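The structure appears right after this line, and notes come after that.
Proteins get letters first, then strands, A, B, ... in listed order; numbering begins at 1 in each. The model shown is predicted, which means the values in this text are computed figures rather than measured ones.
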Protein chains: 2
Amino acid sequence: MNNQQIPYNIYDDRCPTRDVLARLADKWALLVLGCLEKEPHRFNHLRRSIRGITQKMLTQTLRKLERDGLISRQIFPTVPVTVEYRLSPLGQTLTQTVSLLTLWVEDNMDAMSAAQQAYDEASVAGLPVG
Amino acid sequence: MNNQQIPYNIYDDRCPTRDVLARLADKWALLVLGCLEKEPHRFNHLRRSIRGITQKMLTQTLRKLERDGLISRQIFPTVPVTVEYRLSPLGQTLTQTVSLLTLWVEDNMDAMSAAQQAYDEASVAGLPVG
DNA sequence: CTGGATCCGATTAGATACTG
DNA sequence: CAGTATCTAATCGGATCCAG
């Protein structure tokens, strides 16, 4: 086999990259990845770090990320059991991009708030109404 | 006013950045932004470029992005009417991150496929079953 | 502590029909 | 061409209960 394939095209709805994007383009997935960037976390540690996430969503998100090979799960047979989540090598190559995105949001929040306000005021002014 | 605020923290569920992330961490939003990176697109041009998107989702996504100030909408009073979408200056600062993410997915699709297969095979092997 | 299982309301997204 | 409006099926996500 030669090492040139990459027929992947994310704009093609039948390309498998679409499914991956759908799983990755998810609020909780991005926050979990960002959280694990610095250090491994236990389940409840993650839950406390990511305000507002429910146990169900956290579990679901962790399973998805584990299945895609982005994080790994290590069980310590303590009593009660301890489970630690950490980025896989593959996941580490992604988090740089992810944190870039979350940082961008924080950095540009003011600009977007202003844009939203302008947009909404234009709406009530009667511009888009029939 | 001093120029130091940024109390924004995306891990706080009451921070407005959460809402922005939720809108941005969306399959269609990322694809639209990526599409507009290179050049302005008309509505149906976008629809054809992003395979699988419905007219409803495209409209909805465009409105969200416009409200957040990431894209602008220009109407040409031709017959029939022509509408062109393009990135705003703010949106341009974001697309570099976005395209990084979509490119990452395409580049690492093989690794993730392998991880998924391994994960699923371990499942049927009886590891997670009771 | 780390989840799995379930119920259920709310939101989403696709399909379809219609308009300036 | 560029949408709006509506109906509905499917999914999501929160709450709750239970277990190793």
Side-chain angles (χ1 to χ4, degrees), chain A residues 13-14 18-19 21-32 35-36 40-67 71-86 119 122-123 126-130, chain B residues 13-14 18-19 21-32 35-36 40-67 71-86 119 122-123 126-130:
Chain A
D13 57 335
R14 283 181 294 205
R18 263 299 174 83
D19 301 316
L21 181 67
R23 288 196 292 274
L24 231 47
D26 173 78
K27 180 179 54 175
W28 299 129
L30 297 185
L31 289 174
V32 166
C35 231
L36 293 178
H41 283 64
R42 286 179 301 101
F43 187 85
N44 277 337
H45 188 187
L46 275 171
R47 177 145 68 151
R48 283 188 298 272
S49 298
I50 305 173
R51 294 285 166 184
I53 195 171
T54 62
Q55 165 266 321
K56 179 186 175 181
M57 283 300 102
L58 180 54
T59 300
Q60 215 170 84
T61 302
L62 288 169
R63 294 294 166 274
K64 285 193 307 180
L65 294 176
E66 189 190 359
R67 192 175 104 97
I71 65 175
S72 67
R73 182 166 173 268
Q74 189 172 5
I75 307 177
F76 299 95
T78 53
V79 177
V81 67
T82 301
V83 179
E84 201 173 80
Y85 293 93
R86 69 182 64 216
Y119 184 94
S123 294
L127 290 185
V129 213
Chain B
D13 57 334
R14 282 180 295 204
R18 265 298 176 84
D19 302 316
L21 181 66
R23 287 196 294 275
L24 232 46
D26 173 77
K27 181 179 56 175
W28 299 131
L30 296 185
L31 289 175
V32 166
C35 231
L36 293 179
H41 283 64
R42 286 178 298 103
F43 186 87
N44 278 336
H45 188 186
L46 277 171
R47 174 146 68 152
R48 282 188 298 271
S49 298
I50 306 174
R51 294 285 166 185
I53 195 172
T54 61
Q55 154 271 323
K56 178 185 173 180
M57 282 301 101
L58 181 53
T59 300
Q60 214 169 86
T61 302
L62 288 169
R63 293 293 169 276
K64 286 192 306 179
L65 294 176
E66 189 190 359
R67 192 176 103 97
I71 65 176
S72 67
R73 181 168 173 268
Q74 189 172 5
I75 307 177
F76 299 94
T78 53
V79 178
V81 68
T82 301
V83 179
E84 202 173 78
Y85 293 92
R86 68 184 64 216
Y119 184 95
S123 294
L127 290 185
V129 214

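Taking 4.0 angstrom as the limit, A:Arg42 places none of its side-chain polar atoms (N or O) nearer than this to OP1 or OP2 of C:dC1. Residue A:Arg73 places no side-chain N or O under 4.0 Å from the OP1 or OP2 atom of C:dT2. Listed pair B:Arg47 / D:dG3 fails the phosphate criterion, with no side-chain N or O lying under 4.0 Å from OP1 or OP2. Regarding contacts with the backbone of C:dC1, every side-chain N or O of A:Tyr85 stays at 4.0 angstrom or more from both OP1 and OP2.
Here C:dT11 presents its C1' atom at 16 Å from CZ of B:Arg23, a figure rounded to the nearest Å. Straight-line distance from the CZ atom of B:Arg51 to the P atom of C:dG14: 16 Å, rounded to whole Å. Atoms CZ (B:Phe43) and P (D:dG3) sit 6 Å apart, rounded to a whole Å. A straight line from CG of A:Leu46 to P of C:dT2 spans 9 Å, rounded to a whole angstrom. The NE2 atom of A:His45 sits 13 Å away from the P atom of C:dC1 (whole-angstrom rounding). The interatomic distance linking B:Leu62 (CG) with D:dT4 (P) rounds to 10 Å, in whole Å.
Legend: residues meeting side-chain hydrogen bond (donor to acceptor under 3.5 Å, both in side chains) with B:Asn44, ordered by chain and number and at least two apart, are B:Arg47. Under the rule for a side-chain contact (heavy atoms from CB on, under 4.5 Å), the partners of A:Lys27 that lie at least two apart in sequence or sit in another chain are A:Leu31, B:Arg18, B:Leu21, B:Ala22. With sequence neighbours excluded, the residues satisfying side-chain contact (heavy atoms from CB on, under 4.5 Å) with A:Asp19 are A:Arg23. Annotation: side-chain hydrogen bond (donor to acceptor under 3.5 Å, both in side chains) contacts of B:Arg63 (sequence neighbours excluded): B:Tyr85.
In plain terms, the two heavy atoms of B:Ile53 and B:Met57 that are nearest each other are CG1-CB, 3.9 Å. For the residue pair B:Arg51 and B:Arg48, the shortest heavy atom distance occurs at NE-O, 3.4 Å.
Here the CD atom belonging to B:Gln60 is positioned 10.0 Å from the CD atom belonging to B:Gln55, to the nearest 0.5 angstrom.
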Item to check | Base-contact (B) and sugar-phosphate-only (S) positions in nucleotides 5-20 of chain D, heavy-atom cut-off under 4.0 Å, - elsewhere | outcome: --------BBBB---B
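Between A:His41 and the options A:Leu46, A:Ile71, A:Val83, A:Ile50, a side-chain contact (heavy atoms from CB on, under 4.5 Å) holds for only A:Leu46.
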Item to check | Step-by-step side chain to side chain contact (heavy atoms under 4.5 Å, CB included) determination, B:Arg73 to B:Leu62 | outcome: CA-CA 9 Å; B:Arg73 181 168 173 268; B:Leu62 288 169; over 6 Å; no
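The terminal axes of the helix from C:dC1-D:dG20 to C:dG20-D:dC1, fitted over 5 pairs per end, subtend an angle of 50° to the nearest 10°.
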